[in-house]
Amino acid sequence: MSSHLHARLLAFALILLGMGIFLHKSVQNDYPIVPDQTRTIWNLEVYIEFAAGNRPVRVETYLPARSDVRDVVDEQFYSGPFGLRIVQEGVEGNRKAIWTYRYPDGPKVLRYRTTMMEENRSTPLPDSLQSEGRPADLPFQSNLQRQAFIVWISTIRRQSADNESLVELTLQEIFSPTLSDELAALIRPLPGSLGRLELARTVLESQGVPARIANGVYLDDARRRAEIVSWLEYRVDGRDRRYFPNGNPSKFFPIWYGLGEIVEAVGASEMSTQISLQPSRYAASTIARSQVDDGNFVLRMFSFDALPLTTQLVYRVLLTIPVGILLLVFLRQFIGLQTLGTFMPVLIGIAFRETALLTGLILFSILIALGLAMRFYLEKLKLLLVPRLAVVLIFIVLSMAAITILMSDGEQRIGLSISLFPMVILTMTIERMSIVWEEYSGSEAIKQGLGSLAVASITYLAMSNRYVEYLMFNFPELLLVIMGLCLLMGRYMGMRLSELRRFRELIGIKDEAEFPFKDKAE
Amino acid sequence: MILGNPFKLRRNGVMGLNERNLRLVAELNPRGLMRLVNDKTITKRLAIEAGIPNPELIGLVSNPYDMRRLDQMLERPNGVAIKPANGSQGNGIMIITGPMKGGYKLANGRRVVFEDVRFHVMNILSGMYSLGGLPDTALIEERVRFAGVFDEISFKGVPDVRIIVLKGVPILAMLRLPTADSDGKANLHKGGVGVGVDLVTGVTQLGMQYDQLVDFHPDTANELSGLQTPYWEDMLIMAAQAYDVTSLGFLGADIVIDVDKGPLLLELNGRPGIAIQIANRFGLRAHVEPVLAADTSKMDAKARIAFGKDIYRLIHEGQAAA
């Protein structure tokens, strides 16, 4: 395999892998790709108050159901002396908290808290929503009811073209303010709209359309007392639908499914149940990261959350450096910029993080100028190379100290930001510049110095960009992409932009004079 | 015109640095062999063994002990050249043309005292001019006294001939002339003039300076073209032999002409520059492709030179006919 093909394959493999993980995280796990994206989280609290009269009490409450599209984390129970059991029931994923106590006395309070993400009409329904309808097995007591049902449904069937229109017609009929007699006979006496919902569910199931009754809350505002509402969730021709008989909410949260009551109690009196909702806004990345605990291997593997905070802060900076390097490679291989030292501009760019751009540029120029002056003076003393470098370095530290002291008096914060300015890099830069100065010319040295500063500024702007920092820290797999890009650039054989200028005279050679020195060669 | 059209440059076979690095340097010059040309002491030894003429070595200074003999080494009536063994692009080279009032006279006419020379050698030893700042050795060589052939088109200093040798085949050549800008050095980076040389005849063509085409020497105002390079066949043989002793597939051989000794191999370069394209006013690629495609391993130096000339003739006469 040629090295060219080899490098390309490796590069594409790296880029694919990196982008794959990146897309998996951002699309599959809803990991936001820009910083400061916030999402609303709702705090749901169920508050149950009752009086107990010294006899065994059993209180059952529905908890938010789990399913393959939803996970409930961060639950808290305030049980007091009560024993608590959590049971899971049915394919719907309904969960119940069962509090029990043998001899309670006086007023008692039980509380349940959780946080949850809002759902809306496009939230998918779980795969567990399957039709179990067997048209023969109708849940009606009397023959009369059954016959009424059959007559009614066959009319609807005749009037509809497909499942979708059948469902629409059914719901329209069942929830119309004026009910036909045969329909009225079919509705079970249940509170609120539950009777009609249950009939609709039965009809849909009997026609092979999976449906279920969801009970939950609408999320439109913070509420001290949220009302439990019920609606119908069904899947027709593979599309997830919801039908809300009461209101038209944009956001909601189903807690449990079926016909049960939210709280059922035995042995308690003066029951009062209160459901409160409180929205709070969080950085979306925080939420996504909290899901890391759920054992998502890909998320956990490429995440720094397990590290101590100080280490995380270091990586926040470290991970942006490859972006600067990528830029540098581009500027050198494609643009053809000349810099002092290979990676020196990137190191200066990192130093600018401490000082901010303008201050950094000023400081850098002052220190280089001072250092160069010192270096030229030392040239007269004829010192050996390493001691001379040492003297320049110490001089740089002295100059930095002087600047700090001078600047700390005023309003300027220049002096304080200097701390980590890399003096070794400065010293090497001064040495290189002075050699260029001697061997070529002062203007060449200044040109290269300015070029390095320009590259340093560009890389600094890229590395300190909020979006870059956020992306690299939260998606370190992008390093693979950067690596792949560098591999690709490593096999770039075309002209650099600077060479287009350098060889501009060679453009016309074929067009004007076929062979420029033909006459003289003969 | 600020920028050249990349498509036209490509069609004209102009090669960029990226392509040179990947296709020629990386492919043909194994890293382990680069030492042979990077270290001038090794190059010199190889050249002596193979009988390629080169400036006489007076001595090496590789530690402070050797330094004691430095003043003796400088005692040459014709002057000496002091070079860092691992220097690049002509950096760190000091040319002493002879003694001058208790000190030494440099090529650019300045007078220096022994202490200045000692300091320069010390800087070389501590690695100021070597790649990565590694400790280095200083070579003290007999100064080449340039034969006056190109005096008309030189300004001080020593002109040299650069021949590009690909897989042992000389493919392009140029004459590098010092100018006032280049401070007596024939280095194109420093403002020297590059003049294309007809590979077949050794006659100079038109030139370039600072990447611009020039037809006259900027300091002497004499026409660059039409001069015959003496010892041309000898130079081609020296360049072709350089491949035999180094096995480097992409070489730049720098040759100077001494007034007494004739052509001398000054140094070899494993990463020869691509400005030679401008000097020759022709892209490298046309010259490179036929050699890359051919098998030169069975040819001796003479056969390779003939091959190189054939290619040159074919390309340039084909151009003329077109």
Side-chain angles (χ1 to χ4, degrees), chain A residues 2-4 7 329 332-336 338 341-342 378-389 428 431-432 434-436 438-441 444 489-522, chain B residues 1-6 8-12 14-19 21-23 26-27 89-92 115-116 118-119 122-123 125-129 133 189-190 196 198 200-201 203-206 208 211-213 225-226 274-275 277-278 280-283 315-322:
Chain A
S2 80
S3 57
H4 192 67
V329 173
R332 285 181 70 103
Q333 296 309 122
F334 286 76
I335 310 294
Q338 300 263 338
T342 314
L378 289 178
E379 186 69 20
K380 289 188 178 153
L381 305 186
K382 310 223 180 300
L383 302 177
L384 292 174
L385 174 71
V386 181
R388 186 177 63 219
L389 287 178
M428 292 317 294
E431 182 66 19
R432 275 176 203 275
S434 69
I435 289 181
V436 174
E438 279 169 18
E439 295 285 332
Y440 295 88
S441 64
E444 178 69 22
M489 288 200 274
R491 297 293 312 183
Y492 171 70
M493 283 208 222
M495 288 276 172
R496 300 171 184 175
L497 196 64
S498 61
E499 285 171 346
L500 294 185
R501 177 168 173 72
R502 182 178 178 192
F503 293 121
R504 64 194 184 283
E505 303 279 12
L506 294 184
I507 288 221
I509 49 173
K510 279 198 181 168
D511 299 341
E512 44 187 60
E514 300 87 321
F515 184 37
F517 26 80
K518 171 177 66 176
D519 307 333
K520 291 171 187 117
E522 283 159 6
Chain B
M1 185 169 33
I2 296 168
L3 290 178
N5 178 334
K8 280 194 176 169
L9 282 178
R10 181 154 186 90
R11 207 187 59 211
N12 289 350
V14 178
M15 223 182 226
L17 275 176
N18 291 331
E19 189 176 351
N21 288 342
L22 284 174
R23 290 191 65 202
E27 287 286 324
Q89 300 186 341
N91 287 345
E115 198 52 35
D116 294 316
R118 221 178 91 89
F119 179 58
M122 214 111 88
N123 275 336
L125 294 195
S126 54
M128 198 166 129
Y129 303 103
H189 286 112
K190 297 179 183 176
D198 186 312
V200 181
T201 60
V203 173
T204 58
Q205 318 289 344
L206 302 174
M208 54 90 62
D211 300 334
Q212 305 265 358
L213 305 183
S225 58
I274 49 176
Q277 300 177 107
I278 309 175
N280 275 287
R281 308 199 178 171
F282 211 91
I315 292 170
H316 292 253
E317 274 164 22
Q319 274 296 307

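In what follows, every heavy atom counts, from backbone to side chain, and hydrogens, waters and symmetry copies are set aside. A note on names: the letters A, B, ... follow the listed sequences, proteins ahead of strands, and every chain is numbered from 1.
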Between A:Gln333 and B:Asn21, is the side-chain contact (heavy atoms from CB on, under 4.5 Å) condition met? List the steps.
CA-CA 11 Å; A:Gln333 296 309 122; B:Asn21 288 342; 5.6 Å; no
Nearest 0.5 angstrom please: B:Leu17 CG to A:Arg332 CZ, how far?
10.5 Å
For A:Arg388, which atoms come within 4.5 Å of any heavy atom of chain B: side chain, backbone, both, or neither?
side chain
If one checks every heavy atom of A:Leu497 against chain B at 4.5 Å, the contacting part turns out to be both
dist B:Glu19:CD -> A:Met495:CE (nearest 0.5 Å) comes out at 7.5 Å
Identify which part of B:Leu125 has an atom lying under 4.5 Å from any heavy atom of chain A, answering side chain, backbone, both or neither.
neither
When the 4.5 angstrom heavy-atom criterion is applied to A:Glu431 and chain B, the contacting part is side chain
Examine whether an atom of B:Asn91 lies under 4.5 Å from a heavy atom of chain A, and if so say whether it belongs to the side chain, the backbone or both; otherwise answer neither.
both
If you count heavy-atom pairs within less than 4.5 Å of chain A, which of B:Gln212, B:Glu115, B:Arg118 leads?
B:Gln212
First locate atom CZ of A:Arg502, then atom CE of B:Met208, and finally report the distance between them rounded to the nearest 0.5 Å.
6.5 Å
For chain A, which candidate among B:Glu27, B:Gln277, B:Arg23 shows the most heavy-atom pairs at distances under 4.5 Å?
B:Gln277
Where does B:Ala26 contact chain A at under 4.5 Å (heavy atoms): side chain, backbone, both or neither?
neither
A:Tyr492 and B:Leu22: which non-hydrogen atoms are nearest, and at how many Å?
O-CD1, 3.6 Å
